[in-house]
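Input: a single structure, listed below in C-alpha cells.
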2 protein chains.
Amino acid sequence: MIKKQKYCPDIPTCSVDYAFRRIGGKYKGRILWYLHEFTVLRYGELSRTIPDITTKMLTQTLRELESDNLINRKVYKQVPPKVEYSLSEIGKELIPFIRYLKEWGDSRIKNETNKNTKNTSHNNL
Amino acid sequence: MIKKQKYCPDIPTCSVDYAFRRIGGKYKGRILWYLHEFTVLRYGELSRTIPDITTKMLTQTLRELESDNLINRKVYKQVPPKVEYSLSEIGKELIPFIRYLKEWGDSRIKNETNKNTKNTSHNNL
DNA sequence: AACAATACATACTTTTTAGTATGTAGCATA
DNA sequence: TATGCTACATACTAAAAAGTATGTATTGTT
C-alpha cells in the first residue's frame with residue numbers, strides 16, 4: 001500500500017517559516033533595505049530606486065509590509081498626493097539581518113566572479 | 001502619453017536579491033536550520049522532520065541547495081540506498097542569519113499572542 | 001514469486017505570484 | 001478645455017512554485 005502524500009492547511013509551522021513569509025517575495029527585502037538606507041521614501045522615489053518593479057507590485061508589496069507592521073505609511077492631504085514610507089520599529093529589527101544577508105551575497109558574488117576569472121585565465125604564470 | 005511598465009530579464013539586481021533567491025522558497029530556511037541542528041540527516045529523516053513537505057518538493061529543494069553549494073550530499077553505495085545531507089561551509093555561513101530570523105519570529109509570535117490575550121481579557125485587575 | 005526498504009523521478013494539475021495594460025481622483029496651470 | 005502631477009486601483013494574462021498521484025531501481029528476505 002502506498003503512503004498518501006501530505007496535504008496541509010495554513011499552520012505557521014515554525015518561527016523560521018513565520019519570518020520568511022513576512023520578508024519573502026521578490027521585492028520585500030529590497031524595499032526594506034532602501035527604506036533603511038534613505039530613512040523616508042515617497043512612492044515615486046521607491047519606484048525609481050527599484051526600477052524593475054511595476055506599480056502594481058510596488059503598491060501590493062507596500063500594503064503587505066504595512067499590514068505586517070514592518071513599515072509606516074504617512075499620507076499628506078494635498079493634491080497631487082504625497083505619501084511617505086518608512087520603517088517601523090519592528091521593521092527596523094530586521095535590518096541587521098538583511099545587512100548580514102547582503103554582505104553574504106556580496107562576498108558570494110565576488111567569489112563566483114573570481115572563480116570564473118580563474119577558469120578563463122589559468123596557466124598565466 | 002503613458003509610460004510603459006517594466007519588463008526585465010534575469011539580472012541579479014543586487015546582493016540582497018541574490019541572497020534571497022538562494023534561501024527563498026517554502027522550505028529552504030527550515031531545511032538549512034534542521035541540517036544545522038542535527039548536523040547530518042538522511043533523506044527520510046528530513047522528510048519526517050518536515051512533515052508537511054512532499055517527496056517531490058524535498059528532492060527538488062535539496063537539489064537546488066546542492067547546486068547553490070549550500071549543502072553536501074553523500075551517497076552510500078548500498079541497497080536499500082542511503083544518502084546523507086549536511087551543511088557546506090558556505091551553507092553554515094547562513095546559520096547566524098537564520099538564527100536571528102528565527103528569534104525575531106519567535107518574539108513576534110509571542111507578541112501577537114499577548115496582544116490577543118490582552119484583548120480578550122483586559123480589565124482583569 | 002512477492003514484498004519490503006530507501007531515495008528518488010515524472011507527468012499532470014492547482015495555486016500563488018508576478019506582469020501587462022489601462023483607468024481614476026482632484027486640483028493647478030496652459 | 002486639455003494636460004500634468006502623483007499615487008494608486010483593477011481586470012486580465014502569464015509564469016513560477018507547489019501539490020497529487022503514481023512509478024522505478026536494487027537487492028535481501030519470506
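Hydrogens, waters and symmetry mates are skipped; everything else that's a heavy atom, side chains included, is used. Lettering follows sequence order; numbering is per chain, from 1.
Side-chain atoms of A:T54 lie closest to C:dG19 of the nucleotides C:dG19, D:dC8, D:dA18. For B:M57, taking side-chain heavy atoms from C-beta onward, the closest of the listed nucleotides C:dG19, D:dG19, C:dA7 is D:dG19. Among the nucleotides C:dA18, D:dA9, D:dA7, the one closest to the side chain of A:T59 is D:dA9. With C:dA9, D:dA7, D:dG19 as the candidates, the nucleotide lying closest to the side chain of B:T55 is C:dA9.
Where B:T61 and A:R73 each meet DNA chain D at their nearest nucleotide, the meeting point lying more 5' is that of A:R73. With the nearest nucleotide of DNA chain C identified for both A:E64 and B:P80, B:P80 has the one nearer the 5' end. Nearest-nucleotide assignment on DNA chain D puts the 5′-proximal partner with A:V79, out of A:L62 and A:V79.
Relative orientation of the B:Y100 and A:F97 rings is parallel, given thresholds of 30° and 60° on the angle between their planes.
Taking atom CZ of A:R48 as the reference point, atom C1' of D:dC5 lies 12 Å away to the nearest angstrom. Rounded to a whole Å, the CG atom of B:L58 is 13 Å from the P atom of D:dA18. Rounding to whole angstrom units, CD1 of residue A:I50 and P of C:dA18 are separated by 13 Å. As a whole-Å value, the separation of B:F20 CZ from D:dA16 C1' is 18 Å. C:dA5 atom P lies 16 Å from atom CD of B:Q78, rounded to whole Å. In this entry the distance linking NZ of B:K56 with P of C:dT14 reads 14 Å, nearest Å. Straight-line distance from the CD atom of B:Q60 to the C1' atom of D:dA17: 8 Å, rounded to whole Å. In this structure, CG of A:L65 is placed 13 Å from P of D:dC8, rounded to the nearest angstrom.
Under 4.0 angstrom from either OP1 or OP2 of C:dA5 there lies no side-chain N or O belonging to B:Y43. Between A:R42 and D:dT6 there is no side-chain N or O to OP1 or OP2 distance below 4.0 Å. Residue B:K26 has a polar side-chain atom (N or O) positioned under 4.0 Å from OP1 or OP2 of D:dG19. Applying the 4.0 Å criterion to OP1 and OP2 of C:dA9, one finds that B:R63 has a side-chain N or O inside that range.
Taking 4.5 Å as the limit, some side-chain heavy atom of B:L32 sits within range of a side-chain heavy atom of B:I71.
Of the listed residues (B:I50, B:L58, B:L62), just one forms a side chain to side chain contact (heavy atoms under 4.5 Å, CB included) with B:Y27, and that residue is B:I50.
Residue-level contact check: B:Y76 touches neither bases nor backbone, having no heavy atom under 4.0 Å from any strand.
Geometric assessment of B:R22 against the ring of B:Y18 yields a positive cation-pi assignment under the 6.0 Å and 45° thresholds.
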Checking B:Y85 against B:K74 for the side chain to side chain contact (heavy atoms under 4.5 Å, CB included) test, could you report, in this order, the C-alpha distance in whole Å, the side-chain angles of both residues, the deciding distance, and whether it holds?
CA-CA 6 Å; B:Y85 293 92; B:K74 185 172 181 185; over 6 Å; no
